[in-house]
Amino acid sequence: MSFLEPGRLWLLLVIPVLVGAYALLQRRKSSYAVRFTNMALLDTVAPRRMNWRQHCAVGLALLTLAFGIMLLAQPSKVVRVPASVVSSFTVVLVLDVSLSMAATDVAPSRIVAAEEAAKDFLAQLPSNFKAALVQFAGEASLVVPPTTEHAEVAAALDGLELGERTATGEGIYASLDVIQHELGAVEKDASGHVPGLVVMLSDGYRTAGRNQNEAARSAKEQGVRIHTVAVGTPSGVVSAQGDMIRVPVKTDELEEISRISGGEAYVASTPDDLLEAYEAVGNQLVYTTERRDATADYLPWLVLMSVLSTIAGLFVASRWP
């Protein structure tokens, strides 16, 4: 159990003090009782049959006190919070614009299908979320910095141009720089994440730049999840100088990126698959997690323990047989 005010748990030290005081009083009572030689009078002063009832009543009272102190420390719980009340969240779209994205195995082409699905995704983002656009081929670059003007990011998608080579790792590092610059030294939430994530679309075939798995580890350390969408099929081809070159999708490389960073991996072999992948990511953005006070959840138990403790006290005080 986690507490919002754990320092108050030091008050629990009063419990062993009270237990010691109770034990001392019992010893003094016994010492006082043995002074009487009349056994009938001794039984009246210190009836043994009452001891177990007294101990139970005192034990219940101490348990109630300990439970009350724990509630004073404010136990907490992780709850899902609607995205609309989150003050800041940044989503970085990272698009692979390498020449292999021109393959038409996903109609009308990998890149066009990816751009259209990205526009639908942007249209579903909460208005208070910031979106950014990063592209990568042989190197990565920021196209649109984080903004709540999602239409601006959608418009920039139409202006992307394909280039040689695929530097997947550079695309990740560029995205992490964007989130770091936007969020600064923001604290991680209860699940170990910052209010920002990366959504990467690629066919997964790295040919340049830094290793993408190392980049994914950096994302993990920073609390940034990377959701990947593998666009294409094993039969993808592109035309280069009259030759047809096979460019099969590399789903395993993208899945490894997501696994390392703590994100989800999706495979899109059709435009509908792309839409479903974006919808799945969007559903995860509808809520975020937050640690909140859970004291009210335990108050009924405190009331019940208090009632039982009171009944036990009355039971002993009345000396019922």
Side-chain angles (χ1 to χ4, degrees), residues 1-87 185-195 220-221 223 225 262 284 286-321:
M1 181 181 292
S2 298
F3 298 90
L4 297 180
E5 297 291 342
R8 296 175 182 175
L9 292 175
W10 285 102
L11 293 173
L12 288 172
L13 292 177
V14 74
I15 302 299
V17 173
L18 293 176
V19 170
Y22 177 70
L24 180 61
L25 287 174
Q26 291 300 303
R27 290 187 60 183
R28 291 186 62 184
K29 180 179 178 181
S30 298
S31 298
Y32 177 76
V34 297
R35 298 177 185 176
F36 295 88
T37 56
N38 188 313
M39 296 305 296
L41 181 60
L42 177 61
D43 185 61
T44 301
V45 175
R48 292 182 179 180
R49 64 178 180 274
M50 294 297 295
N51 283 346
W52 70 271
R53 296 173 180 173
Q54 293 173 353
H55 297 336
C56 288
V58 171
L60 184 56
L62 291 175
L63 284 175
T64 302
L65 176 60
F67 191 66
I69 292 173
M70 291 177 65
L71 295 192
L72 183 64
Q74 294 181 270
S76 63
K77 62 181 178 181
V78 176
V79 297
R80 294 207 311 167
V81 181
S84 59
V85 303
V86 177
S87 60
V186 65
E187 293 185 1
K188 298 178 182 178
D189 62 19
S191 59
H193 300 129
V194 298
K220 176 69 173 179
E221 293 173 359
R225 291 163 292 172
Q284 295 184 46
V286 175
Y287 293 90
T288 185
T289 57
E290 193 174 281
R291 188 168 292 281
R292 290 189 173 181
D293 188 1
T295 303
D297 296 348
Y298 299 96
L299 284 178
W301 292 103
L302 179 62
V303 172
L304 176 61
M305 293 179 67
S306 298
V307 170
L308 293 176
S309 181
T310 301
I311 293 174
L314 292 174
F315 185 81
V316 172
S318 299
R319 295 196 176 190
W320 295 345

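Each residue takes its place number in the sequence, starting with 1.
- With a 4.5 Å cut-off on side-chain heavy atoms, F67 and L63 do not count as touching.
- Between atom CG of residue L71 and atom CG of residue L299 there is a gap of 6.0 Å, rounded to the nearest 0.5 Å.
- Using modelled atom types, one side-chain atom of S76 and one backbone atom of S2 make a donor-acceptor pair closer than 3.5 Å.
- Between the side chain of T310 and the backbone N or O of S306 there is at least one donor-acceptor pair closer than 3.5 Å.
- Counting all heavy atoms, side chain and backbone alike, A296 lies closest to P300 at O-CD, 3.5 Å.
- In this structure, CG in L65 is found 9.5 Å from CE in M305, a value given to the nearest 0.5 Å.
- In this structure, I15 and L62 approach most closely via the heavy-atom pair CD1-O, 3.8 Å.
- A distance of 14.0 Å separates CZ of R8 from CE of M70, quoted to the nearest 0.5 Å.
- Listed here is the closest heavy atom pair of S309 and A61: OG-CA, 3.4 Å.
- Between atom CG of residue L9 and atom CD of residue Q74 there is a gap of 11.0 Å, rounded to the nearest 0.5 Å.
- Here E5 contributes atom CD and T295 contributes atom OG1; the two are 10.0 Å apart, rounded to the nearest 0.5 Å.
- Between the CG atom in L304 and the OH atom in Y298 there is a gap of 15.5 Å [rounded to 0.5 Å].
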